[in-house]
Novice: 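Pasting a structure below so you can have a look.
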Amino acid sequence: MKRFLIVIIIIFSAVAILNSFRNKYQTSILGRINPAAGATVAWAVSGRDSTTSNIVNGAFSLEAKQGMYRVVIDAVEPYKDAILENVSVKEGQTIDVGEIMLQK
């Protein structure tokens, strides 16, 4: 019985410690691409931090830390890459950059 209690205490402690390292607030950058098949990947870059997301059915969602980001849409031929500068992300907020029209 003592071993069982010790194992339960160790497991509970491990879960509590791991949970403390997790982001408390979900922060993300959302957007849509038009035409939907015009791009495959979206990037967000802020200083040395970066995050990436595949574009699925014309939509993307990038998990990001608080900060100022440059969002880059990696377009496929014949479209040109799109860049959004100064996308401000605050902790706990979801930023929707709206629809991004890709140019040929």
Side-chain angles (χ1 to χ4, degrees):
M1 184 69 173
K2 284 184 181 181
R3 285 186 181 168
F4 178 73
L5 287 175
I6 291 172
V7 170
I8 293 297
I9 290 171
I10 291 172
I11 291 172
F12 180 74
S13 297
V15 169
I17 290 169
L18 290 174
N19 195 34
S20 69
F21 289 107
R22 168 182 88 111
N23 272 346
K24 291 184 170 78
Y25 303 104
Q26 182 70 17
T27 304
S28 58
I29 302 170
L30 305 175
R32 294 169 305 286
I33 306 300
N34 190 356
T40 57
V41 179
W43 298 82
V45 180
S46 176
R48 293 185 180 193
D49 290 332
S50 67
T51 182
T52 183
S53 172
N54 290 327
I55 297 173
V56 179
N57 296 326
F60 64 89
S61 175
L62 298 158
E63 289 187 26
K65 298 177 185 175
Q66 180 175 336
M68 190 68 69
Y69 284 86
R70 177 182 201 197
V71 177
V72 179
I73 307 302
D74 190 12
V76 296
E77 292 290 333
Y79 299 100
K80 296 179 184 176
D81 293 349
I83 299 173
L84 302 174
E85 299 284 352
N86 301 321
V87 177
S88 178
V89 176
K90 294 184 175 57
E91 191 168 341
Q93 287 186 334
T94 297
I95 305 301
D96 189 346
V97 296
E99 185 174 54
I100 300 169
M101 298 293 292
L102 297 176
Q103 304 296 317
K104 287 189 178 183

Novice: Please examine the side chains of Asn54 and Val41, heavy atoms only from C-beta on, and report whether any two atoms are closer than 4.5 Å.
Specialist: yes

Novice: What closest approach, in Å, do Phe60 and Arg32 show between heavy atoms, and which atom pair accounts for it?
Specialist: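 So the two residues come closest at CE2-N, 4.0 Å.
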
Novice: Ignoring hydrogens and geometry, is there a side-chain-to-backbone donor-acceptor pair from Asn34 to Ile100 under 3.5 Å?
Specialist: no

Novice: Between Ile83 and Trp43, is there a shared hydrophobic cluster once you connect ILVMFWY residues whose side-chain heavy atoms come closer than 4.5 Å?
Specialist: yes

Novice: Closest approach of Lys90 and Gln66, non-hydrogen atoms and distance?
Specialist: CA-CG, 4.0 Å

Novice: To the closest 0.5 Å, what do you measure between CD (Glu63) and OG1 (Thr94)?
Specialist: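 OG1 of Thr94 is found 10.0 Å from CD of Glu63.
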
Novice: Does Ala64 offer a backbone N or O that forms a donor-acceptor pair with the side chain of Thr51 under 3.5 Å?
Specialist: no

Novice: Using every non-hydrogen atom in the two residues, find where Ala42 and Leu62 come nearest and quote the distance to one decimal.
Specialist: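 Closest approach of Ala42 to Leu62: O-CD2, 3.5 Å.
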
Novice: Is it possible for you to say whether Val72 and Leu30 belong to one hydrophobic cluster, with membership spreading through side-chain heavy-atom contacts below 4.5 Å?
Specialist: no

Novice: Quick one: do Ile33 and Val87 end up in the same hydrophobic cluster if we chain Ile, Leu, Val, Met, Phe, Trp and Tyr together by side-chain heavy atoms under 4.5 Å apart?
Specialist: yes

Novice: Closer than 3.5 angstrom, by distance alone: can the side chain of Ser46 be matched with the main-chain N or O of Met68 as a donor-acceptor pair?
Specialist: yes

Novice: What is the minimum heavy-atom distance between Ala82 and Leu102, and which atoms define it?
Specialist: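 That closest heavy-atom pairing would be CB-CD2, 3.9 Å.
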
Novice: Give the minimum heavy-atom separation between Val76 and Ala37, together with the two atoms involved.
Specialist: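 Heavy-atom minimum between the residues: CG2-O, 3.5 Å.
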
Novice: Of Val89, Ile95, Val97, Leu84, which is the lone residue that meets side-chain contact (heavy atoms from CB on, under 4.5 Å) with Tyr69?
Specialist: Val89

Novice: Crowded around Glu85 CD? As in, over 12 foreign heavy atoms under 6.0 Å?
Specialist: yes

Novice: To check you understand the geometry: which heavy-atom pair defines the closest contact between Ser61 and Ser28, and what is its length?
Specialist: OG-CB, 4.3 Å

